[in-house]
Amino acid sequence: MTSKLEFARFPAPDGVNGWWESLPPPAPAVAVSSERRYDWVVVGGGITGLCAARRLAELAPDASIALVEADRIGRTTAGRNSGFFVDLPHDISSESYSRSVEADKADVRFQRHGIDYVRSVVKQHGIECDWRDDGKFHASVNRKGHGALAHFAEGLERIEESFEWLDAAAIAKVTGTDFYEGALFTPGCSTVQPAALMRGLAASLPGNVQVFELSAVTRIEDQGLSKVLTFAGGKIVAKRVILCTNAYAATFGGHPNGLLPVYTFASMTRVMKPEEVQRLGGTRSWALIPADPMGSTVRRLITDRICVRNHFAFRPNLEVSPADLAKAKSLHQRSFDRRFPMLKDVELEYTWGGPLCLSANNGALFGRRADGVFEAVGCNGLGLSRGSASGKLIAEYALGQSSDLVRQLLNQPHPRSLPVRPIADVAVSAAIWVKEFSAGAEL
Ligand SMILES: Cc1cc2nc3c(=O)[nH]c(=O)nc-3n(C[C@H](O)[C@H](O)[C@H](O)COP(=O)(O)OP(=O)(O)OC[C@H]3O[C@@H](n4cnc5c(N)ncnc54)[C@H](O)[C@@H]3O)c2cc1C
């Protein structure tokens with residue numbers, strides 16, 4: 001680390017997060033408001049930071065640990081997603097989610113490690129977040145999509161993972177719509193209400209973790225054995241820091257580091273009335289991923305709402321405009337109408353966006369950034385399972401532990417740097433546009 005790390009961008013209110021809004025009001029936030037000292041500070045209260053702080057506390061019960069979050073825990077990206085804890089290969093830059101056998105197996109090992117860790121915490125603390133081990137459906141709408149699923153199935157066979165094919169009638173029985181021509185079911189995926197999970201993870205942290213919210217770090221100064229973190233309301237002096245700021249790390253120091261803040265968007269309907277639920281049919285809760293990674297993810301929730309996610313936008317300044325949100329909402333409405341013509345009167349109540357942290361080569365940052373400064377950054381679109389694992393493992397690594405998984409993460413490629421802006425902006429946006437266009441009916 002240079003002797004100073006300046007934070008250039010902070011979480012902005014990117015629409016209204018339906019998961020958060022449908023929870024009871026949160027407990028009041030405690031913000032940094034004076035000067036304090038801790039052994040460790042974890043920056044970023046998403047899934048990665050929550051798992052890093054927990055694991056540090058488990059392994060070092062005598063250490064004092066602060067977890068600092070710029071917004072409210074559960075309101076930002078980790079509480080804004082579609083809630084899939086995906087265990088299987090899920091490379092969203094590939095046309096069928098798969099990579100090579102070796103890379104796919106490594107991903108599965110890594111992702112299951114994260115899922116198992118969070119599931120055990122949810123069970124131990126009885127966190128109410130609608131955790132379900134019900135698997136997911138990959139559904140296709142045409143022959144092209146079916147081809148992509150067949151390719152994905154071949155990838156699964158190569159790594160000896162189980163799956164099951166459903167024909168059009170079988171997937172319609174689950175979803176209530178005849179929109180899909182078939183699907184592939186994979187059993188290992190878990191799903192959650194993400195905002196409830198993040199809140200529950202924060203509320204159940206061990207006693208040696210102090211959580212600060214509405215506390216954005218604006219600068220970290222390296223003063224040798226101490227790191228000084230500055231906030232609007234005070235300072236924290238710590239011996240060691242772990243950075244878990246995902247897309248926000250793309251702006252550190254103001255120079256490109258290969259991390260790409262790409263937004264994706266979701267909308268959630270209002271609660272359906274009993275007669276609407278009946279009209280829809282299908283099962284009470286299901287989770288569906290499109291055959292083409294650029295298509296629409298859809299979940300039916302036990303709360304009788306439906307959540308639709310699609311559309312990507314490269315936003316290197318980490319904010320979206322009202323026009324971005326309006327465009328996303330109209331795409332969601334179109335996707336909803338195509339799938340659920342029987343639910344014409346069911347409005348989309350909430351629409352929001354959140355930044356993923358992608359890279360051109362699926363690389364991520366894991367390990368030591370400087371003396372006493374560690375980082376686990378770069379979700380590549382699958383932060384729930386990967387962030388859970390990398391948060392846990394960065395804490396283990398920072399405490400001097402090693403394991404096959406730590407070595408796997410240390411050896412993964414770093415994000416490949418891109419040409420300077422504005423060339424990178426045009427190239428990334430054009431690549432997204434082409435992929436979205438080719439997703440066609442899957443959207
Ligand atoms: C609509 C949508 C759907 C998605 N669906 C899925 C899905 O189904 N499954 C899946 O695995 N992933 C999904 N994702 C991606 C997933 O949400 C991310 O991969 C995940 O949130 C990454 O977790 P993280 O903790 O690494 O980063 P984040 O969740 O981005 O957390 C980083 C935290 O750092 C905080 N922060 C940043 N700067 C500062 C600062 N200066 N000071 C203090 N705090 C700071 C931020 O406020 C933020 O809370 C989706 C994302 C979106 C937007």
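Counting convention: from 1, in listed order, for ligands and their atoms alike. Every heavy atom of this structure was used, including side-chain atoms; hydrogens, water molecules and symmetry mates were not.
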Heavy atom of [X], distance to ligand 1 below 4.0 Å:
X: G79; answer: no
X: A216; answer: yes
X: C379; answer: yes

With a 3.5 Å cut-off and no angle check, do the side chains of [X] and [Y] form a donor-acceptor pair?
X: R338; Y: T177; answer: no
X: T175; Y: R300; answer: no
X: D14; Y: Y263; answer: yes

Could you name the option among [options] that has the heavy atom nearest to [atom]?
atom: atom 19 (O) of ligand 1; options: G383, C307, G381, S390; result: G383
atom: atom 26 (O) of ligand 1; options: I115, T48, V68; result: T48
atom: atom 14 (N) of ligand 1; options: L243, V262, T191, N81; result: N81

Does [X] approach ligand 1 within less than 4.0 angstrom via side chain, backbone, both or neither, non-hydrogen atoms only?
X: F84; answer: both
X: L356; answer: side chain
X: T76; answer: side chain
X: P11; answer: side chain

#### Entry: Test item: S388 side-chain N/O and I115 main-chain N/O as donor-acceptor pair under 3.5 Å
no
### Message
Donor-acceptor pair, distance only, cut-off 3.5 Å: does the side chain of H138 make one with the backbone of A148?
### Response
no
### Listed partners of T48 passing side chain to side chain contact (heavy atoms under 4.5 Å, CB included), at least two apart
C244, A376, S390
Students should be able to answer this: which protein heavy-atom is nearest to [atom], and at what distance?
atom: atom 31 (O) of ligand 1; answer: G46 CA, 3.5 Å
atom: atom 34 (O) of ligand 1; answer: G44 CA, 3.3 Å
atom: atom 52 (C) of ligand 1; answer: T264 CG2, 3.4 Å

#### Entry: Pi-cation contact, W286 with R132 (under 6.0 Å, within 45°)
no
### Message
Restricting to salt bridge (Lys or Arg N to Asp or Glu O under 4.0 Å), what partner residues turn up for R305, sequence neighbours left out?
### Response
E349
